[in-house]
Amino acid sequence: MADAFGIVVYSNKGFEVEGLSQYRSMGATSFLGRYRLIDFPLSSLTNSGIENIQLYVNEKPRSIIAHVGTGRQYNINTKRGELKILFDEGNQASRIYQNDVHSFNYNRHRIEEMPQKYVVITTNYMLYTVDFNDVIKAHEDSGADITMMYKSVNCAKESFINCDVMELNKQKGVKSMHLNLGGKSNCNISMDTYIMNKDIFLAMIDQAVTTSSLYWMRDMILDATAYLDIRGYQYKGYLYAINSFKAYYDCSMDLLNLQTRNELFDKDLPVYTKTNDSSPAHYFETGSATGSLVSNGCSISGTIENSIVSRGCIVEEGAVVKNSILLPGTKIGKNVTVECAVVDKNAVISKVKSVEGTIEQPVYIKRSDRI
Amino acid sequence: MKASNMVAMILAGGRGSRLHALTDTVAKPAVHFGGKYRIIDFPLSNCANSNINVVGVLTQYESVLLNAYASQGQRWGLDTFDSGVYVLPPREKAEADLNVYEGTADAITQNIDFLDRNNPEYVLILSGDHIYKMNYERMLEEHVNNKADATIAVLQVPMEEASRFGIMNTDSEGRIVEFEEKPEKPKSNLASMGIYIFNWKLLRKLLIDDAKDTESVHDFGKNIIPKMLEEHKRLYAYTFEGYWKDVGTIDSLWESNMDLLYHPDKINLNDPNWKIYSEDSTSLPHYIGETGEVVHSYINQGCEIHGCVERSVLSLGCVVGEGAIVRDSVLLPGVKVESGAILDRVIVKEDVVIGSNAVVGSKDSKEVELISEDVKATKGGNS
């Protein structure tokens with residue numbers, strides 16, 4: 001068992017899945033038919049034996065609270081462990097004060113009181129699965145003050161835009177960080193995931209709040225490169241930064257590929273989520289699907305191709321859904337064609353004959369919309 | 001919910017020997033159904049949905065898996081302050097050696113202490129063998145309105161089949177005047193569903209008397225109900241309308257699975273107001289590959305389909321390889337159908353592997369075939 005507690009914090013830089021983020025926080029964003037993004041970091045933490053987790057939320061907390069509940073579905077023994085949902089209320093003055101360092105400082109005593117030695121800090125928008133024990137082991141072995149996870153990627157011109165790029169020395173020491181503006185294909189992308197001693201974390205927060213009220217985690221890490229031993233830990237598994245609507249769509253389509261999906265979903269690291277007690281998906285006489293992920297509770301009378309269909313969707317006779325993502329409870333009416341679209345929760349498309357985007361520019365249909 | 005005054009006791013000890021290899025190592029209530037469920041999920045979910053908080057599950061035959069399964073009350077939401085699922089297998093007692101349950105009534109008699117601890121006003125006796133959705137609260141309301149001593153749920157069966165059931169003959173008020181077990185010449189078509197509500201105080205006394213009766217086989221249908229009629233107790237029939245199936249044979253298990261496809265109007269497991277709850281799993285949504293095709297089927301999560309599936313029910317984590325064809329079949333959890341294999345009208349037991357190009361079952365067969373062991377691959381392509 002790892003001697004660590006976990007922190008899952010909202011992302012900086014104003015990352016959002018345009019459209020979807022109007023209605024819910026990043027963590028509560030529905031993903032791959034039956035998950036929400038928060039399921040991934042929470043499952044990685046509990047799969048690593050980390051049962052004390054602080055979840056920091058900044059806005060629209062309803063859906064995330066309803067989803068995670070007590071955390072029992074993530075395998076947290078709620079007697080020994082706890083999933084704490086934390087907000088800060090001291091920043092009403094302006095949204096610009098809404099940053100993670102402020103949240104940490106506001107809840108400083110909650111961090112202080114944790115009996116564990118280490119803290120693992122992670123976030124919602126970085127999609128990956130990992131056993132943190134390996135990272136903690138590397139952290140201990142290196143004797144570093146802070147260990148940061150990164151991945152060496154060769155697609156930084158198109159992906160991971162505005163994510164942090166880490167400049168490493170030969171000992172994997174972090175020299176500096178800068179934003180990925182898409183200039184170079186090959187670079188080390190920071191996964192916004194940090195492991196450090198709790199006391200170092202607290203000292204950094206104290207330092208940061210006296211420096212600037214607008215500091216984010218990455219700013220205080222950047223300052224700390226001057227006086228702390230910060231090392232990189234190279235992660236080699238599947239990673240995607242879901243930091244825009246396009247990234248959300250592309251990542252989802254990417255994971256329709258079985259091999260890619262197997263990279264993310266490791267048998268030993270299951271991803272837990274809240275059950276919905278839906279029946280298996282029902283394909284009616286005229287219903288069929290190929291190249292798709294289809295969730296329970298769906299009633300399919302139309303044709304599904306190369307798409308992700310979430311729980312409880314209805315696709316009526318003659319309807320064609322292609323290269324699209326249907327969020328839970330959406331309904332595609334008779335003879336409607338939906339191509340390259342993301343249809344948000346409970347939307348009904350029945351009055352128009354077709355909704356068509358392109359792979360490059362998928363369209364977004366609002367939650368509960370009627371079109 | 002506030003505790004109700006009725007405790008449910010589910011009789012789940014039977015083997016269901018006509019299910020052959022499916023019940024070699026598990027009791028019938030633990031048999032898989034509908035791609036996602038076990039049979040016992042139905043009475044347990046019905047209890048939860050009927051606001052019954054305390055449910056005893058009486059197990060006996062091959063009970064290890066069933067005990068482990070049923071004891072996880074959170075699956076049905078039966079884990080609140082007042083509620084719980086209590087697994088009650090036979091036990092050794094101070095005054096006697098290990099007593100197995102001799103009959104349905106004896107199973108309750110041996111757990112009088114459990115019922116006394118809960119001290120309910122009413123006891124609901126259920127069987128763990130049937131597929132149906134029923135609101136037991138409605139039945140209790142009638143029981144109370146009739147000031148009945150016992151109420152028996154009945155189903156109207158076709159007259160020509162009535163001689164296969166225990167038949168209740170009632171007066172115009174619905175009061176039971178006669179009970180006939182499998183009558184040659186049935187007088188009515190009201191078949192007992194094996195669902196009873198008793199006033200606990202009265203039943204307790206009847207059970208203690210019955211236990212002393214050396215002639216008795218300690219069965220509700222054979223002993224307790226006839227005895228109550230003899231004593232002119234107030235017994236009422238409660239007519240249930242809706243889908244009900246005893247999935248006691250391979251054919252009826254297959255048919256009931258197919259009813260999910262062909263009669264969603266009769267048995268809809270996707271009704272948000274009356275969900276059937278079950279075990280949760282960490283599987284992904286099911287995946288239909290580029291070469292896969294699914295038509296008119298019921299597919300659970302975790303399946304991976306690269307072949308063709310038609311008019312079939314696939315349970316958790318089944319894999320169908322490229323070029324394979326699965327038609328009119330029921331695959332239980334974890335079945336692997338390798339590439340090019342052809343399945344027609346079969347039930348495949350959990351975790352069985354059908355080797356590539358194997359041909360299993362036949363579309364013309366009268367009876368549905370149960371495949372309970374791995375089938376070897378054969379050479380060559382399919383024809």
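Values in this document were obtained by computation on a predicted structure and should not be read as measured data. Lettering of chains follows the sequences in order, A, B, ..., and the numbering in each one begins at 1.
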Between CD1 on residue Ile267(B) and CG on residue Asn257(B), distance to nearest 0.5 Å: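 That separation rounds to 10.5 Å.
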
side-chain contact (heavy atoms from CB on, under 4.5 Å) partners for Glu290(B), two or more places apart: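 Expected list: Asn306(A).
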
Distance-only donor-acceptor check, side chains Tyr364(A) and Asp344(A), under 3.5 Å: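 Per modelled atom types, Tyr364(A) and Asp344(A) side chains form a pair under 3.5 Å.
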
Between Asn268(B) and Asn270(B), a side-chain donor and acceptor under 3.5 Å: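 Their side chains do not contain a donor-acceptor pair, so the 3.5 Å distance test is not met.
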
With distance as the sole test, does [X] use its side chain to make a donor-acceptor pair with the main-chain N or O of [Y] at under 3.5 Å?
{"X": "Ser50(B)", "Y": "Asn135(B)", "value": "no"}
{"X": "Trp254(B)", "Y": "Asp328(B)", "value": "yes"}
{"X": "Thr46(A)", "Y": "Asn75(A)", "value": "no"}

Smallest separation among heavy atoms of Ser252(A) and Tyr248(A), with atom names: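 Between these two residues, the closest heavy atoms are OG-O, 2.7 Å.
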
Over all atoms of both residues, closest heavy-atom pair of Asp82(B) and Asn53(B):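 Closest approach of Asp82(B) to Asn53(B): O-CB, 3.9 Å.
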
Measure [X] against the heavy atoms of chain B and call it side chain, backbone, both or neither at under 4.5 Å.
{"X": "Ser299(A)", "result": "side chain"}
{"X": "Arg261(A)", "result": "side chain"}
{"X": "Ser295(A)", "result": "both"}
{"X": "Leu32(A)", "result": "both"}
{"X": "Phe265(A)", "result": "side chain"}

CA sep, side-chain torsions, deciding dist, call: Trp244(B), Lys133(B), side-chain contact (heavy atoms from CB on, under 4.5 Å): CA-CA 8 Å; Trp244(B) 182 84; Lys133(B) 300 199 288 186; over 6 Å; no

Heavy-atom pairs under 4.5 Å with chain A, option from Thr291(B), Asp280(B), Asp271(B) with the top count: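 Sorted descending by pairs with chain A, the first entry is Asp280(B).
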
Heavy-atom pairs under 4.5 Å with chain B, option from Ser292(A), Ser288(A), Ser43(A) with the top count: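 Ranked by heavy-atom pairs under 4.5 Å with chain B, first place is Ser292(A).
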
Without placing hydrogens or testing angles, list every side-chain donor-acceptor pair under 3.5 Å for residues 282-289 of chain B, not counting sequence neighbours.
{"unit_1": "Ser283(B)", "atom_1": "OG", "unit_2": "Ser281(B)", "atom_2": "OG", "d": "3.0"}
{"unit_1": "His286(B)", "atom_1": "ND1", "unit_2": "Val294(A)", "atom_2": "O", "d": "3.1"}
{"unit_1": "His286(B)", "atom_1": "NE2", "unit_2": "Tyr283(A)", "atom_2": "OH", "d": "2.7"}
{"unit_1": "Tyr287(B)", "atom_1": "OH", "unit_2": "Leu256(A)", "atom_2": "O", "d": "3.3"}

Proximity of residues 302-317 of chain B to chain A, residues having a non-hydrogen atom under 4.5 angstrom: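 The list, in residue order, reads Glu304(B), His306(B).
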
Close contacts, residues 35-45 of chain B versus chain A, judged by heavy atoms under 4.5 Å: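 So the qualifying residues are Gly35(B), Lys36(B), Tyr37(B).
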
Ionic contact status for Asp277(A) with Lys275(B), cut-off 4.0 Å: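 Between Asp277(A) and Lys275(B) there is no salt bridge, as every charged N stays at least 4.0 Å from the carboxylate O atoms.
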
Pair His263(B) + Tyr243(B): ring centers closer than 6.0 Å: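 That pair fails the under 6.0 Å test.
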
